[in-house]
Amino acid sequence: MSHGEGAMQVVPAAVGFLLGMGFLLLIDELTPHLHVGSNKPEGLKARLSRTAMLALAVTIHNLPEGMAVGVVFAGTQDGQADISLMGALAMSIGIAIQNIPEGAIISMPMRAAGNSRWKSFLIGSLSGVVEPVGGLLIILLASLFLPAMPYLLAFAAGAMIYVVVEELIPEASNGTHSNLSTIGFSLGFVLMMVLDVVMG
């Protein structure tokens with residue numbers, strides 16, 4: 001690959017990455033939400049319950065996850081992105097596994113606040129509804145705009161990096177048992193590597 005060809009591939013990736021981060025920054029600034037362990041809401045002011053704002057925080061995290069899955073599966077259909085179907089499946093399984101504790105973050109406080117088990121479970125589950133919606137939207141867009149695939153892949157990567165650096169790492173480091181988040185991260189990393197090798 002020549003220097004010029006390499007530069008031509010870097011530009012769409014950089015633009016898409018920055019657009020993905022900008023998109024998530026905009027959603028983060030506009031959506032009223034509350035993070036676990038915090039009493040100060042972020043986003044636009046709204047008269048929402050603490051539980052509703054906590055659910056919106058998890059929903060913001062779930063949107064780029066769905067987009068990432070959609071982009072990867074669109075890449076398998078495209079055939080130009082060197083993404084195998086098993087690799088896409090491994091990534092979607094990894095994201096599905098980490099959705100379990102995300103739903104629990106919403107359901108457990110709701111149950112502790114006196115709501116029924118079914119209501120707590122339902123609202124915790126509904127926070128993940130944006131994932132398949134985001135995934136399907138990206139798949140539809142990718143099928144219409146195949147030349148934009150490098151941008152879409154980088155867009156999803158930028159959105160996920162924003163969520164990880166802005167939200168997940170700081171929240172995981174809070175509290176008296178921050179070492180558990182480090183162990184969980186390590187186990188998750190190993191699991192994804194195994195899935196990548198076995199299914200990639």
Open item on the list: Check whether Arg117 reaches the backbone of Phe121 with its side chain - one donor and one acceptor, N or O, closer than 3.5 Å.
Closed with: no
Open item on the list: Within this structure, what is the CG-CD distance for the pair Leu24 and Glu29, rounded to the nearest 0.5 Å?
Closed with: 11.5 Å
Open item on the list: If I compare all heavy atoms of Asn62 with all of Gly128, which pair ends up nearest, and what's the gap?
Closed with: ND2-CA, 3.3 Å
Open item on the list: Distance check, rounded to the nearest 0.5 Å: Ser125 atom OG versus Ile100 atom CD1?
Closed with: 10.5 Å
- [ ] Report yes if the side chains of Glu65 and Val130 come closer than 4.5 Å at any heavy-atom pair, otherwise no.
- [x] no
- [ ] State whether the side chain of Thr76 and the backbone N or O of Leu85 hold a donor-acceptor pair below 3.5 Å, judged by distance alone.
- [x] no
Open item on the list: Donor-acceptor check, side chain of Thr31 to backbone of Asp28, threshold 3.5 angstrom: yes or no?
Closed with: no
Open item on the list: Between Met193 and Met91, is there shared hydrophobic-cluster membership here, with clusters defined by ILVMFWY side-chain heavy atoms closer than 4.5 Å?
Closed with: no
Open item on the list: Distance check, rounded to the nearest 0.5 Å: Leu122 atom CG versus Ser116 atom OG?
Closed with: 9.0 Å
Task: Full working for ring pair (Phe, Tyr, Trp, His ring centres under 6.0 Å) between Phe155 and Phe23 - done: CA-CA 9 Å; Phe155 181 93; Phe23 177 70; 5.5 Å; yes
- [ ] Answer yes or no: is there a donor N or O on one side and an acceptor on the other, between the side chain of Ser92 and the main chain of Val69, under 3.5 Å?
- [x] no
Task: Heavy-atom pair of closest approach, residues Ser120 and Ser107 - done: O-OG, 2.8 Å
- [ ] Could you tell me which non-hydrogen atom of Glu131 sits nearest to which non-hydrogen atom of Ile95, and how far apart they are?
- [x] OE1-CG2, 3.5 Å
- [ ] Say whether Leu25 and Met21 are linked into one hydrophobic cluster, either directly or through other cluster members, by side-chain heavy-atom distances under 4.5 angstrom.
- [x] yes
- [ ] Following the transitive rule for hydrophobic clusters with a side-chain heavy-atom cut-off under 4.5 Å over Ile, Leu, Val, Met, Phe, Trp and Tyr, establish whether Leu89 and Leu136 coincide in one cluster.
- [x] no
- [ ] To the nearest 0.5 angstrom, please state how far the CG atom of Asn115 sits from the CZ atom of Arg111.
- [x] 8.5 Å
